[in-house]
Student: 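Pasting a structure below so you can have a look.
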Amino acid sequence: MHNIFEATPENISKAAQTIQNGGLVAFPTDTVYGLGADVYNPAAVAGIFAAKGRPSFDPLISHIAEIDFLPEYAETDSRVMDLARHFWPGPLTFVLNRKDKNHALDLVCSGLPKIAVRMPNSPVALELIKKSGTPIAAPSANKFKSISPTTAHHVLNSLGEKVDMILDGGRCQIGVETTIIDLTTTEIVMLRAGGLSKEELETYTGEKVAISHGDPNKPSAPGQLLKHYAPSHTLRINVTEPKDNEFYIGFGNVPNAHLNLSPNGDLREAAANLFAYLRFADQQNNFQGIAVSPIPENDLGLAINDRIRRASYLE
Ligand code: TXA
Ligand code: MG
């Protein structure tokens with residue numbers, strides 16, 4: 001027996017009850033699977049940090065199901081609401097100033113005056129949030145620093161019985177986490193490259209989007225730990241000539257690759273395959289390492305390169 005449940009309406013209702021009772025539910029989103037709890041229940045939120053083995057100074061994203069809810073929760077202006085209407089539901093997270101001084105949110109925000117909010121483009125996630133009657137705090141549903149899950153079985157393998165319920169909604173379409181932007185300053189600052197490209201944001205806003213690399217030693221700067229998404233094998237990036245003992249993950253026309261993220265060089269397809277392929281490569285015990293082809297640094301290549309760079313980091 002395991003705790004994976006197909007995402008039927010009945011099971012989503014059961015999962016919503018679990019959230020209301022302070023439990024932990026893993027659920028699919030458009031990007032990766034999240035490990036969810038009621039944002040207003042600090043004991044439940046503490047359970048997320050414990051299950052992941054994540055330090056509590058790394059804040060969580062709150063997931064909402066209706067745009068109209070945003071102003072109750074965070075400081076908004078016409079720019080924020082316009083971006084929300086255009087890009088939500090979708091792979092974009094906003095960092096905003098907190099409005100609700102409810103101390104129940106302190107742990108979710110790691111005591112910061114800012115809050116990260118998103119609306120996922122996944123019918124299962126949206127139904128779960130609505131039925132729970134509360135925003136859901138959710139990091140990716142994997143052990144701290146390891147590879148993010150894009151299927152229910154990835155969650156089971158990483159967190160197992162630490163989760164009360166895993167809702168199975170199939171494979172996540174986008175496959176890399178959200179793009180995170182800080183909207184508390186005049187300029188839009190990208191804190192994490194992700195499922196929405198910088199180009200799309202710039203085209204829509206007509207503004208240049210700045211990139212923050214944060215302070216890698218202070219994880220309150222989001223997702224900026226140098227070592228993250230780490231496989232147990234060593235991983236080399238930008239490889240055109242793999243060693244004999246390396247599992248080779250290709251991109252584009254790479255005939256000697258063991259697996260290819262996208263033989264046609266499609267960055268969206270590559271993003272969707274990335275984490276599952278890294279996991280698979282890491283399980284191949286007859287290889288001593290993983291090598292990845294060069295990936296272009298545009299569109300979703302920004303997010304892919306960010307993830308594999310961190311995965312390749314040697315402590
Ligand atoms: O695609 C996603 O964003 C997934 C799905 C489940 O929604 N979630 C996700 O969460 O990737 P997580 O916790 O793995 O990464 C969220 C990042 C963290 O690196 C955290 O530091 C940053 O968001 N973050 C959260 N709240 C913040 C805040 N108030 N200020 C700055 N950064 C924040
Ligand atoms: Mg994560």
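Predicted, not measured: the structure shown is a model, and the values here were computed from it. For the numbers below, each heavy atom of this structure counts, side chains included, while hydrogens, waters and symmetry mates do not. In each ligand, atom 1 is the first atom listed, and ligand 1 is the first ligand listed.
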Student: If you measure from the Lys or Arg side-chain nitrogens to the Asp or Glu carboxylate oxygens, is any gap between D182 and K114 under 4.0 Å?
Tutor: yes

Student: So which bit of T178 gets within less than 4.0 Å of ligand 1, heavy atoms only: side chain, backbone, both or neither?
Tutor: both

Student: Who gets closest to atom 1 (O) of ligand 1 by heavy atom: I174, T31, L60?
Tutor: T31

Student: Measure the distances from the heavy atoms of R98 to every atom of ligand 1 and state whether one is below 4.0 angstrom.
Tutor: no

Student: With no hydrogens and no angle check, just 3.5 Å: does a side-chain donor-acceptor pair link S262 and N264?
Tutor: no

Student: Does H86 have its ring centroid less than 6.0 Å away from the ring centroid of Y204?
Tutor: yes

Student: Counting both backbone and side chain atoms, is some N or O of S140 under 3.5 Å from an N or O of ligand 1?
Tutor: yes

Student: Can an N or O of Y33 be found at a distance shorter than 3.5 Å from an N or O of ligand 1?
Tutor: no

Student: Please identify which atoms of ligand 1 are closer than 4.0 Å to at least one heavy atom of D58.
Tutor: 18 (C), 19 (O), 20 (C), 21 (O)

Student: Out of P139, P91, A116, whose heavy atom sits nearest atom 26 (N) of ligand 1?
Tutor: A116

Student: Where the side chain of T93 meets the backbone of I180, is there a donor-acceptor pair that is under 3.5 Å apart?
Tutor: no

Student: Donor-acceptor check, side chain of S110 to backbone of D106, threshold 3.5 angstrom: yes or no?
Tutor: no

Student: Are any of the N/O atoms in E177 less than 3.5 Å from those in ligand 1?
Tutor: no

Student: Answer yes or no as to whether an N/O/S atom of N142 is found below 2.8 Å from the Mg ion (ligand 2).
Tutor: no

Student: What about T93: any of its N or O atoms under 3.5 Å from an N or O on ligand 1?
Tutor: no

Student: For D182, which part has a heavy atom under 4.0 Å from ligand 1: side chain, backbone, both, or neither?
Tutor: neither

Student: Taking only Lys NZ, Arg NE, NH1 and NH2, and the carboxylate oxygens of Asp or Glu, determine whether R118 and D30 approach each other closer than 4.0 Å.
Tutor: yes

Student: When you check the gap from the basic side-chain N to the acidic O, do R307 and E177 get nearer than 4.0 Å?
Tutor: yes

